[in-house]
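Below, read A as the first sequence line, B as the second, and so on, with proteins coming before strands; counting in each chain starts at 1. The structure presented is a predicted model; accordingly, all values stated were derived computationally and were not measured.
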Protein chains: 2
Amino acid sequence: MARTQPESDTRERILCAALKLFAEMGYAGACTKEIAREAGVAEVTLFRHFVSKDKLLEEVMSRFTFVSVMPQLLAEIAALPCEEALTTLAGRFIDYLVLRKDWVRIMQAEMQRAPAKLFTVYHAFLDDLLGGFVACFRQLQQRGCLGDFDLEQGARMFHGICFNYFNQEELQGRKNYKSTDRELVIREFVRIFLYGTCSRRSE
Amino acid sequence: MARTQPESDTRERILCAALKLFAEMGYAGACTKEIAREAGVAEVTLFRHFVSKDKLLEEVMSRFTFVSVMPQLLAEIAALPCEEALTTLAGRFIDYLVLRKDWVRIMQAEMQRAPAKLFTVYHAFLDDLLGGFVACFRQLQQRGCLGDFDLEQGARMFHGICFNYFNQEELQGRKNYKSTDRELVIREFVRIFLYGTCSRRSE
DNA sequence: TCGTGATGTAAGTAAGTACTTGCAATTATG
DNA sequence: CATAATTGCAAGTACTTACTTACATCACGA
């Protein structure tokens, strides 16, 4: 049957299904028959919208590419006391990663053998994240509530802890293996980070 | 031709080839013909040694399973000054991960759809790492050169930074995208960590 | 010299996968 | 009402993959 929905609805459903199954089973492990089934369409319909499976992957990664959340986070923490600003930053960043879990997972799995383009997109994504943390720390320094330290290294450290938390809990399923108190983890590392960066140049 | 080498040599070569290609292409993406070619054997030989492709994966993950390096690291840092102990700990831990890069990559990719056994093995591996860091920090506390802080959270923080460094530089290929001064990264995060944990209970 | 163990070559089976073609059905639109 | 757009169904092609069978070859030990 036809015209029960705009063509674009069908494309969106196929893209969402592909995102999900490429993330769960990998590119090679996700067959087009399964993707079509997950999208609720016939396999032949998938090939009416996308020239090939390779093209489908390309379009999935373009369609769901990251949009920088860092400017928004910068605005969110602007009026908060320092420690609360950092805990909020960490929490919202982890939330952002959780929303993009499938994209990140596909990127990590397929980037190696994908065209150089995906590789570059992923590392631009990481650059954006690190740059965003640098901007946040600079703002906090200017308010006088962060010490004088190497912002690049501090950003890398902060990002590393958050991303690894996300990686283990969400991508590696550690939350299904052993429960973790997310608030405690964030609170403690933020405190160590604050103390560690506040007293940096005093010697 | 035959008997040019012991049977066990052939098995080892197949297991090494499988480790490499499962890591590079994923389980579904690495076909048995390619694995055999990489091992320098005929495909039929692969199936003389391993009942099936699934069994091959199981044996790869058993054969190359992690051996805890944490007791050795504990011994290594025992006689070092605190800051040097922590930088050495971080460096040696990253080296250990780099050596097991293929195993970690396969685990991260295949654990989701693999039997629960792989899932448990991987998280036991993470437990071992975290426990090892806790033991190291406790030793340093007992020597009086680390502050009084939540060892579990500190271990998670320390591990997170190192593992994420490894993940990005080695697994995600960031070292091929932008060069990173590993010594600077380690030195700076250890200093922030030291300052952060030394002044924890003083308030 | 012969038997054994281990592997290679060649050819194959069964199933799965990416993708295509032809025709039918339904709905929206002019 | 006719047409166009979109999708489903069915059947298919070409190729790939996991795995098997039969026979040949070679090294080694008794």
Side-chain angles (χ1 to χ4, degrees), chain A residues 1-63 106 109-110 113-115 118, chain B residues 1-63 106 109-110 113-115 118:
Chain A
M1 53 295 296
R3 281 306 190 95
T4 52
Q5 64 224 333
E7 181 185 0
S8 58
D9 278 1
T10 306
R11 280 180 65 88
E12 277 302 296
R13 291 198 346 259
I14 294 170
L15 287 169
C16 289
L19 175 76
K20 179 176 191 278
L21 296 190
F22 284 150
E24 285 178 10
M25 309 179 188
Y27 177 79
C31 59
T32 49
K33 180 185 251 179
E34 276 301 311
I35 294 171
R37 179 181 299 154
E38 175 73 26
V41 301
E43 188 179 8
V44 64
T45 300
L46 188 153
F47 285 101
R48 285 190 179 119
H49 290 273
F50 302 94
V51 172
S52 67
K53 190 183 180 186
D54 269 347
K55 283 292 186 182
L56 176 57
L57 175 64
E58 282 187 33
E59 293 212 35
V60 164
M61 300 320 282
S62 294
R63 170 64 181 75
I106 297 173
E110 312 303 335
R113 56 168 192 79
L118 282 195
Chain B
M1 57 296 295
R3 279 306 191 97
T4 53
Q5 65 227 332
E7 181 184 3
S8 58
D9 277 2
T10 306
R11 280 179 67 85
E12 277 301 297
R13 288 196 352 256
I14 293 171
L15 287 169
C16 287
L19 175 77
K20 179 175 190 281
L21 296 190
F22 284 151
E24 284 178 10
M25 308 180 189
Y27 176 79
C31 57
T32 48
K33 180 185 255 180
E34 275 303 311
I35 294 171
R37 179 180 300 152
E38 176 74 25
V41 300
E43 189 178 7
V44 64
T45 299
L46 189 153
F47 284 101
R48 285 189 180 120
H49 289 273
F50 302 93
V51 170
S52 67
K53 192 182 179 187
D54 271 345
K55 283 292 187 182
L56 176 57
L57 176 64
E58 282 187 34
E59 293 213 34
V60 164
M61 301 318 283
S62 294
R63 170 62 182 75
I106 296 171
E110 311 303 335
R113 55 166 194 80
L118 283 193

Listed pairs, N/O of protein and of nucleotides 12-15 of chain D, under 3.5 Å:
none

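- As judged by a 4.0 angstrom heavy-atom cut-off over every strand, B:Gly29 is placed among residues making no nucleic acid contact.
- Contacts of residues 44-53 of chain B with DNA chain D (heavy atom under 4.0 Å): B:Val44, B:Phe47, B:Arg48, B:Ser52, B:Lys53.
- If you check every strand for non-hydrogen atoms under 4.0 Å, B:Ala42 touches a base.
- Taking the side chain as every heavy atom from C-beta outward, A:Leu118 and A:Ile106 never approach each other to under 4.5 Å.
- B:Ala30 pairs by the side-chain contact (heavy atoms from CB on, under 4.5 Å) definition with B:Leu21, B:Phe22, B:Met25, B:Ile35, not counting sequence neighbours.
- Interface residues of residues 30-38 of chain B facing DNA chain C, ordered by number: none; criterion, heavy-atom separation under 4.0 Å.
- Between the CD atom in A:Glu110 and the CG atom in A:Leu57 there is a gap of 6.5 Å [rounded to 0.5 Å].
- For A:Glu34, the salt bridge (charged side-chain N to carboxylate O under 4.0 Å, His left out) partners are A:Arg37, not counting sequence neighbours.
- In this model, the phosphate group of C:dT7 is approached by a side-chain N or O of B:Thr10 to a distance below 4.0 Å at OP1 or OP2.
- In this structure B:Lys20 satisfies the salt bridge (charged side-chain N to carboxylate O under 4.0 Å, His left out) test together with B:Glu24, B:Glu38, sequence neighbours excluded.
- Judged as a salt bridge (charged side-chain N to carboxylate O under 4.0 Å, His left out), and not counting sequence neighbours, A:Glu43 has no contacts.
- At distances below 3.5 Å, at least one donor-acceptor pair connects side-chain atoms of A:Tyr27 with backbone N or O atoms of A:Asp54.
- Under the rule for a side-chain contact (heavy atoms from CB on, under 4.5 Å), the partners of A:Val44 that lie at least two apart in sequence or sit in another chain are A:Ala42, A:Arg48.
- A:Leu15 has its side chain within reach of A:Leu56: a pair of non-hydrogen atoms, C-beta onward, lies under 4.5 Å apart.
- B:Arg63 pairs by the salt bridge (charged side-chain N to carboxylate O under 4.0 Å, His left out) definition with B:Glu12, not counting sequence neighbours.
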